[in-house]
*Asks:* 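I'd like to ask you about the structure that follows.
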Amino acid sequence: MSVAVVLLTAALVVLFALLAAAGAGKLARLDGGSYPTAIKQAAAAFTAVLTLAAALAAAIAAVCT
C-alpha cells in the first residue's frame with residue numbers, strides 16, 4: 001500500500017474523530033452541561049472514534065494476512 005494512501009486514510013480518520021468530538025461537545029452544551037462537561041464528552045467521543053478505527057484496522061490486517 002502506498003504511503004500516500006495510508007496518510008490520507010489517517011487524516012480522514014482524524015477528521016471524522018474531530019467532527020464527532022465537535023458534535024458531542026455541542027450536544028452536551030445544548031443539553032445544559034457546563035464547558036468542562038462538554039469538553040469531557042468531546043474528548044470521550046474523539047477517543048472512542050480513534051479506538052474504533054484502530055480496532056477495525058487491526059481486524060482487517062489480521063484477516064488480510
Side-chain angles (χ1 to χ4, degrees):
M1 189 169 353
S2 173
V3 175
V5 173
V6 172
L7 290 176
L8 181 62
T9 304
L12 284 174
V13 167
V14 171
L15 179 68
F16 285 138
L18 286 172
L19 287 172
K26 181 65 176 174
L27 287 174
R29 281 297 292 158
L30 287 175
D31 195 35
S34 63
Y35 281 109
T37 302
I39 290 172
K40 189 188 335 181
Q41 292 292 333
F46 183 79
T47 305
V49 170
L50 290 182
T51 303
L52 182 62
L56 186 63
I60 290 172
V63 169
C64 290
T65 58

*Asks:* Who are the side chain to side chain contact (heavy atoms under 4.5 Å, CB included) partners of Thr65, not counting sequence neighbours?
*Replies:* none
*Asks:* Only pairs at least two apart or in different chains count here, so list each side chain to side chain donor-acceptor pair (under 3.5 Å) that has a residue in residues 19-32.
*Replies:* none
*Asks:* Could you identify which residues cluster with Leu56, counting Ile, Leu, Val, Met, Phe, Trp and Tyr as linked when any side-chain heavy atoms lie under 4.5 Å apart, either directly or through a chain of such contacts?
*Replies:* Ile60
*Asks:* Please list, chain by chain and in numerical order, all residues satisfying side chain to side chain contact (heavy atoms under 4.5 Å, CB included) with Ala42, sequence neighbours excluded.
*Replies:* Ala21
*Asks:* Check which hydrophobic residues are tied to Val13 through side-chain heavy-atom contacts below 4.5 Å, counting indirect links as well, and list them.
*Replies:* Val14, Leu18, Phe46, Leu50
*Asks:* If the condition is side chain to side chain contact (heavy atoms under 4.5 Å, CB included), which residues does Ala28 pass it with, not counting sequence neighbours?
*Replies:* Ala38, Gln41
*Asks:* Just to verify, what does Thr37 make a side-chain hydrogen bond (donor to acceptor under 3.5 Å, both in side chains) with, not counting sequence neighbours?
*Replies:* Ser34
